[in-house]
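Encoded as structure tokens, the structure appears first; notes follow it.
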Amino acid sequence: MIVKNISKEGDIVDLSLQLAQKQILSQRMQQSVEILQMNTITLSEYMNELTQENPLLEWQEAPMEQPARDDKLLCKLEWLKEADEQNRSLYRVEMEDERDRKETIGRRERESLREYLLFQINILKVDEGVKHVLRFLAQSTEESGYLEQGALEAAEGKFHLKRACSTDILGLLQSLDPPGVGARSLEECLMIQLKQKNASPLAINMVEKHLEDLAKNKINRVAKQLKVSLEEAKDAFDEIRKCEPKPGQGFISEKPVEYILPDIFVEIREGQPVVSLNSSATPKLFISHAYVNILKEGAAQETKEYISNKMKQAEWAIQCISKREETLLGTANCIVARQEDFFMHPNGQLKPLRMADIAECMQVHESTVSRAVRDKYLQCSRGVFPLHAFFSKALTSEKTGTISADSIQQKLKLLIEGENKKKPLSDRELTEKLQEEGIQISRRTVAKYRESMGIAGTSGRKCYE
């Protein structure tokens, strides 16, 4: 609807009325959506917070079963307890000795790279001032073994060093174990190791001038440019490949380990997949009867209002958690039903599946499915998988009508594994072979799938032996 109005100056002003539809979620609905998106670990932490914020909520603990009173049985158990006390004491001593032994053996393997470097620096016979700089550089070493960018310049400013002095100290750090530590680039890392191994001049020259071609496995090109035989280039390349590109590999990480706790279990029982929630990882909530009784027996109006408000919050939280479990279990059941071949057979492939298909199966909105699978994991006989991994795009196949991207990647991997390594298949040839099987796919898509699986191109897969 458009309304025209005349201003005092006589100008005509257009006033337009527009209708817009907005969806505003209430605080309670937002809480419901957030709980649905939580994985098992996050939900457990959230439930713990709820019990701290809401006194009406408590953990649900399994009731302790009281054994029947039996004097004869009680006497017998007490006698066994006394008789076994000595054995248990001896067992405890043995277990402590075993634990101490395990803590002593392999202690070096549990060291971080920085701890190992600091240990070596402490026993070096150099001035204490040099050790201070070395410790700073060791603390500035990444877990990969490389020196952090700008660390040398930072050391020069902190300790008032000239470039020549800082370079000499860096060389001292790079002489430590593991070989290649303290390098600032892949080239420097390889050069350090090659020189420590007294490698051939050809190998050193190849790293200095042709590292990019070596990364692409272009040995023929390197041999021609250096005017050496292919056999000589191959031998030098073998020396280079024996170096470790990440010297810090093998040491423990200083970052906290993140564990994956599955939200869904799928087991095969009597020839059928059975889906269940990982309910043991999350406690059950219940409303404390103590506060319920206070409300029933009568209390001050302010107390009643407080308990009533907390009661509503508690009931809604329990309802949201129950709804989450129901939605998650339903989603998992629909996924397993559609991808039954994957769960029933060791080499079973995923079928094309969209979130819209699961939403239709459950008669919910697609966004609900998206939230239900977010950050959730499923454990089955084939391993642990994120739930979103079971959704796969469909491509056209003359034989089956449609085929999933996962199946195509597996076929592509098998083709590459079975190729002649002296003359690997190009992306065009791989595309043609897939098309011969009736799979309509482009060369560009083949290249994308190959790269996503971490498989190198033709030159990177070529073997010169």
Side-chain angles (χ1 to χ4, degrees), residues 105-127 129-156 159 161 163-217 219 222 226 228 232-255 454 456 460 465:
I105 298 174
R107 184 166 292 166
R108 176 55 53 84
E109 284 76 10
R110 293 200 299 271
E111 281 184 327
S112 70
L113 175 62
R114 290 177 180 177
E115 290 172 339
Y116 186 45
L117 291 175
L118 292 172
F119 167 76
Q120 296 177 79
I121 292 169
N122 289 335
I123 61 175
L124 282 177
K125 295 182 179 179
V126 294
D127 293 339
V130 175
K131 285 187 178 182
H132 283 313
V133 181
L134 283 171
R135 291 189 186 104
F136 176 82
L137 294 176
Q139 293 288 3
S140 303
T141 303
E142 298 174 349
E143 290 185 353
S144 61
Y146 288 84
L147 193 67
E148 293 176 357
Q149 188 175 4
L152 189 62
E153 291 76 10
E156 291 171 354
F159 298 100
L161 302 173
R163 176 50 58 96
C165 181
S166 65
T167 302
D168 288 342
I169 296 176
L170 176 61
L172 190 56
L173 176 72
Q174 292 175 345
S175 68
L176 300 177
D177 192 57
V181 71
R184 292 161 290 180
S185 64
L186 175 61
E187 179 183 341
E188 187 175 27
C189 179
L190 296 175
M191 290 293 292
I192 292 170
Q193 296 179 64
L194 289 173
K195 289 177 180 178
Q196 289 180 356
K197 295 178 180 180
N198 294 320
S200 64
L202 178 57
I204 294 174
N205 192 13
M206 287 169 67
V207 170
E208 284 181 332
K209 300 178 181 178
H210 303 279
L211 188 58
E212 187 175 343
D213 286 334
L214 291 176
K216 297 178 181 178
N217 205 30
I219 308 300
V222 173
L226 293 177
V228 297
E232 290 175 315
K234 282 167 53 181
D235 291 341
F237 189 41
D238 286 340
E239 291 183 76
I240 298 169
R241 286 195 294 187
K242 291 177 182 177
C243 297
E244 176 54 64
K246 292 183 178 180
Q249 187 171 310
F251 290 86
I252 67 167
S253 174
E254 294 180 349
K255 297 178 182 178
E465 295 179 359

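No experiment lies behind these values; they were computed from the predicted model shown.
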Can you sort out the partners of Q174 under side chain to side chain donor-acceptor pair (under 3.5 Å), two or more places apart, ordered by chain and number?
E188

What distance do I121 atom CD1 and L134 atom CG have between them, rounded to the nearest 0.5 Å?
5.0 Å

All heavy atoms of L214 vs all of V207, minimum pair found to be CD1-N, 4.3 Å

Among pairs that include at least one residue of residues 132-155, which meet salt bridge (Lys or Arg N to Asp or Glu O under 4.0 Å), considering only residues two or more places apart or in two chains?
R114-E148, E128-R135, E153-R163

Non-hydrogen atoms of P245 and C189 that approach each other most closely
O-SG, 4.0 Å

Atom OG of S140 and atom CD of Q149: how far apart are they, to the nearest 0.5 Å?
12.5 Å

Residues that S166 engages under side chain to side chain donor-acceptor pair (under 3.5 Å), provided they are two or more places apart
E156

Where is the tightest heavy-atom contact between L113 and P178, given as atom of each residue plus distance?
CD1-CD, 3.7 Å

Quick check: do L118 and Q139 have side-chain heavy atoms less than 4.5 Å from each other?
yes

Inter- and intrachain pairs under salt bridge (Lys or Arg N to Asp or Glu O under 4.0 Å), touching residues 166-175, at least two apart:
none

Residue list, salt bridge (Lys or Arg N to Asp or Glu O under 4.0 Å) with K197, at least two apart or on another chain:
none

Find out whether L161 and I169 are in side-chain contact, i.e. whether some heavy atom of one side chain is under 4.5 Å from a heavy atom of the other.
yes

With E239 via side chain to side chain donor-acceptor pair (under 3.5 Å) - residues at least two apart:
S200

Where I192 and V181 come nearest, the two heavy atoms and their spacing:
CD1-O, 4.5 Å

Can you name the side chain to side chain contact (heavy atoms under 4.5 Å, CB included) partners of Q120, sequence neighbours left out?
Y116, L117, L176, D177

Residues forming a salt bridge (Lys or Arg N to Asp or Glu O under 4.0 Å) with E208, sequence neighbours excluded
none

How about D235 and E232: do any of their side-chain heavy atoms sit closer than 4.5 Å?
no

Check salt bridge (Lys or Arg N to Asp or Glu O under 4.0 Å) between E187 and all other residues, then give those that pass, not counting sequence neighbours.
none

Shortest non-hydrogen contact between L173 and G182, atoms and distance:
CD2-CA, 4.1 Å

Qualifying residues under side chain to side chain contact (heavy atoms under 4.5 Å, CB included), relative to K195, sequence neighbours excluded
M191, I204

Partner residues of D127 under the side chain to side chain donor-acceptor pair (under 3.5 Å) criterion, sequence neighbours left out
none

Minimum heavy-atom separation for L194 and A203, please, with both atom names.
CD1-O, 4.0 Å

Partners passing ring pair (Phe, Tyr, Trp, His ring centres under 6.0 Å) against Y146 (at least two apart in sequence or in another chain):
none

Could you measure the distance from the CG atom of L137 to the CZ atom of F159? Nearest 0.5 Å is fine.
8.0 Å

Taking the side chain from K131 and the backbone from L124, do they hold a donor-acceptor pair closer than 3.5 Å?
yes

